[in-house]
Visitor: 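One structure, as structure tokens, below. Some questions next.
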There are 2 protein chains.
Amino acid sequence: MSLDHAILGFLSEKPITGYDLKTRCFDETASHFWTADQAQVYRTLERLENRKFVRPRLERQHSRPDRKVYSATPAGISELHRWITSGGPAPPLRDPFLIRLRFAEGVSDDELLGLLGERRQEMQARLESLRTQTARPLPADAQLSAILERLTLDAAIAHARSSIDWLDDCTETLLSRREPDSFSRSGDSRPLPPLGEKGGQER
Amino acid sequence: MSLDHAILGFLSEKPITGYDLKTRCFDETASHFWTADQAQVYRTLERLENRKFVRPRLERQHSRPDRKVYSATPAGISELHRWITSGGPAPPLRDPFLIRLRFAEGVSDDELLGLLGERRQEMQARLESLRTQTARPLPADAQLSAILERLTLDAAIAHARSSIDWLDDCTETLLSRREPDSFSRSGDSRPLPPLGEKGGQER
DNA sequence: CGCATATACTGGTCTTGTCATATATGCTCA
DNA sequence: TGAGCATATATGACAAGACCAGTATATGCG
């Protein structure tokens, strides 16, 4: 149901084609907080059209195939507003990587450290991409729409950073098990510091 | 496909019934990183049984209905290991709340602040529940399985905390727009500090 | 004895997302 | 001139998760 409203959101800002919703919106400007594939976008547009929430206008092109440009209808904008203000629960955490980690007891340390490293590299790449999109600070008198967009980027940045910090904690924990410091070698039951409580570092 | 392997993971540790997989595992010990409903668990068990990855044993009970206790087969354990070491990409960020925020331009400040507050309360409750599960530190000589489980809890904690920090940043940003400090009132274009870069605070 | 609850399992359906495939127009370049 | 790519729209099939409903056995309580 959320894709419906994401599309209504974009169309409430300006008319867009199905092709541009996919390539410009879900592959680019909004990819840090929602994605959709081509089949899904066209099917959702059809459904929204059937419910009179959007209206297409055929646009003839001479150097390109003809295209349908969609706009949100007043009913669509009203439905978007209703949905936005209705709120809803946060989705449960759901990442196959956590299943892998949880049941990794039979996996060698090197393999597990490799998986942590791979995932870290992926999140680092995401963070760097997000960083380039936020390199230019907003002026103090920025429009609300620019501020809201920036806030979604900040959410993705915060998510990537906390992921990286957590992955580093995991790596340190596993390495410290493999090579305990000399104090631990003395055999006492000194508890490990709680993970996840460390302050974030710049990366 | 991930539920298959989560179930194989639990069954590789000890035999479990379908009912306990749902109530003890996906509703309790693993609910911070994966959830599944009852119908889904039973259907997945059937599929795993068909693929010879698990094997049920009927257990007669006299004070309760009879039950099936499932175990992972050697083939199942091998498949679990294969899947764990195969890795895979991080799922894209996907939270309807971010769509709501992005397109909230037509929503009143009070409504938007209310949504931020609701979500913050929900994440705070999650954090507190996770905190009670990690209140007791692991001993330095803890088993690897306990350490790995603790790491998944840390992931959920990190996620909740970074969410709360981000939500607080959003709230501050919106409030500062509503009541700019006197310096901004002078009309200069001083840029806002980048959001998401602030250190996390204890909550 | 009826009701609620726990334990235990199964069937049906819907939604959402993914993967594959198809057709069409037009441009670029070796 | 044809392959590859961009633009543009669309359909079929399937998987995973969610939701709803159903059946059965057993216990506890008013």
Side-chain angles (χ1 to χ4, degrees), chain A residues 1-8 15-28 30-31 33-51 54 56-70 83 88-96 99, chain B residues 1-8 15-28 30-31 33-51 54 56-70 83 88-96 99:
Chain A
M1 181 71 125
S2 304
L3 180 61
D4 294 34
H5 296 96
I7 289 177
L8 281 176
I16 311 180
T17 64
Y19 182 80
D20 279 345
L21 274 168
K22 157 65 178 169
T23 55
R24 299 280 176 257
C25 303
F26 296 113
D27 287 355
E28 293 180 7
S31 65
F33 71 83
W34 207 268
T35 57
D37 86 358
Q38 188 173 55
Q40 201 182 1
V41 170
Y42 283 108
R43 272 194 261 263
T44 302
L45 281 170
E46 182 180 26
R47 205 166 53 240
L48 290 170
E49 187 182 347
N50 290 341
R51 294 170 69 193
V54 307
R57 168 175 53 80
L58 186 64
E59 181 169 291
R60 306 307 294 260
Q61 294 194 126
H62 49 83
S63 57
R64 304 279 180 73
D66 294 343
R67 62 184 191 172
K68 282 178 175 176
V69 184
Y70 290 85
W83 181 77
L93 198 56
R94 194 185 293 276
D95 181 354
I99 300 177
Chain B
M1 181 73 126
S2 303
L3 181 61
D4 294 34
H5 296 94
I7 290 177
L8 281 176
I16 311 180
T17 65
Y19 182 80
D20 279 343
L21 275 168
K22 157 65 178 171
T23 56
R24 299 281 176 259
C25 304
F26 296 111
D27 287 356
E28 292 180 7
S31 65
F33 71 84
W34 207 268
T35 57
D37 87 0
Q38 190 174 50
Q40 197 185 3
V41 170
Y42 283 107
R43 270 194 260 268
T44 302
L45 281 170
E46 183 179 26
R47 206 167 51 239
L48 290 170
E49 187 183 349
N50 289 342
R51 295 171 68 195
V54 306
R57 169 176 52 83
L58 185 65
E59 182 169 290
R60 304 310 292 264
Q61 296 194 125
H62 51 83
S63 58
R64 303 280 178 76
D66 295 343
R67 64 183 190 173
K68 285 176 172 173
V69 183
Y70 290 85
W83 180 77
L93 196 58
R94 198 188 290 276
D95 181 353
I99 301 176

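The figures that follow rest on heavy atoms only: side chains count, while hydrogens, waters and symmetry mates do not. Quick caveat: nothing in here was measured; it's all calculated off a predicted structure.
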Visitor: Tabulate protein N/O versus nucleotide N/O from nucleotides 4-8 of chain C, keeping only pairs under 3.5 Å, one per line.
Guide:
unit_1 : atom_1 : unit_2   : atom_2 : d
dT7(C) : OP2    : Tyr19(B) : OH     : 2.7
dT7(C) : O5'    : Tyr19(B) : OH     : 3.4
dA8(C) : OP1    : Gln61(B) : NE2    : 2.8

Visitor: With Thr35(B), which residues qualify under side chain to side chain contact (heavy atoms under 4.5 Å, CB included), at least two apart?
Guide: Pro92(A), Arg94(A)
Visitor: Hey, does Ile99(B) have a side-chain heavy atom less than 4.5 Å from the side chain of Trp83(A)?
Guide: yes
Visitor: Would you say that Leu45(A) contacts Lys68(A) through its side chain, given a criterion of any heavy-atom pair below 4.5 Å between the two side chains?
Guide: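 No - every pair of side-chain heavy atoms lies 4.5 Å or more apart.
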Visitor: Let me know the distance between CG of Asp27(B) and P of dG17(D), rounded to the nearest Å.
Guide: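 The distance from CG of Asp27(B) to P of dG17(D) comes to 15 Å, rounded to the nearest Å.
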Visitor: With nearest nucleotides of DNA chain C determined for Pro92(B) and Tyr70(B) from heavy-atom distances, which residue corresponds to the more 5′ nucleotide?
Guide: Tyr70(B)
Visitor: For nucleotides 15-17 of chain C, give me every protein contact, N/O to N/O, under 3.5 Å, one pair per line with atom names.
Guide:
unit_1  : atom_1 : unit_2   : atom_2 : d
dT16(C) : OP1    : Met1(A)  : N      : 2.0
dT16(C) : O5'    : Met1(A)  : N      : 3.2
dG17(C) : OP2    : Gln40(A) : NE2    : 2.3
dG17(C) : O5'    : Gln40(A) : NE2    : 3.1

Visitor: Where do Arg51(A) and Asp4(A) land on the side-chain contact (heavy atoms from CB on, under 4.5 Å) test, with the steps shown first?
Guide: CA-CA 11 Å; Arg51(A) 294 170 69 193; Asp4(A) 294 34; 3.7 Å; yes
Visitor: Would you mind reading off the distance between Asn50(B) atom CG and dA15(D) atom C1', rounded to a whole angstrom?
Guide: 16 Å
Visitor: Output the rounded distance in Å from NZ (Lys22(B)) to C1' (dT10(C)).
Guide: 15 Å
Visitor: Excluding sequence neighbours, so at least two apart, what forms ring pair (Phe, Tyr, Trp, His ring centres under 6.0 Å) with Phe33(A)?
Guide: none
Visitor: Can you tell which of Ile16(A), Ile7(A), Val41(A) makes a side chain to side chain contact (heavy atoms under 4.5 Å, CB included) with Cys25(A)?
Guide: Ile16(A)
Visitor: Base, sugar-phosphate alone, or nothing: which one does Ala36(A) contact when heavy atoms must sit under 4.0 Å apart?
Guide: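 Counting heavy atoms under 4.0 Å across all strands, no contact is made by Ala36(A).
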Visitor: Report the residues that fulfil side chain to side chain contact (heavy atoms under 4.5 Å, CB included) with Arg24(A), sequence neighbours left out, ordered by chain and then residue number.
Guide: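 Checked Arg24(A) against side chain to side chain contact (heavy atoms under 4.5 Å, CB included); matches are Asp20(A), Glu28(A).
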Visitor: Output all residues satisfying side chain to side chain contact (heavy atoms under 4.5 Å, CB included) with Gln38(B), sequence neighbours left out; order by chain, then residue number.
Guide: Tyr19(B), Lys22(B), Tyr42(B)
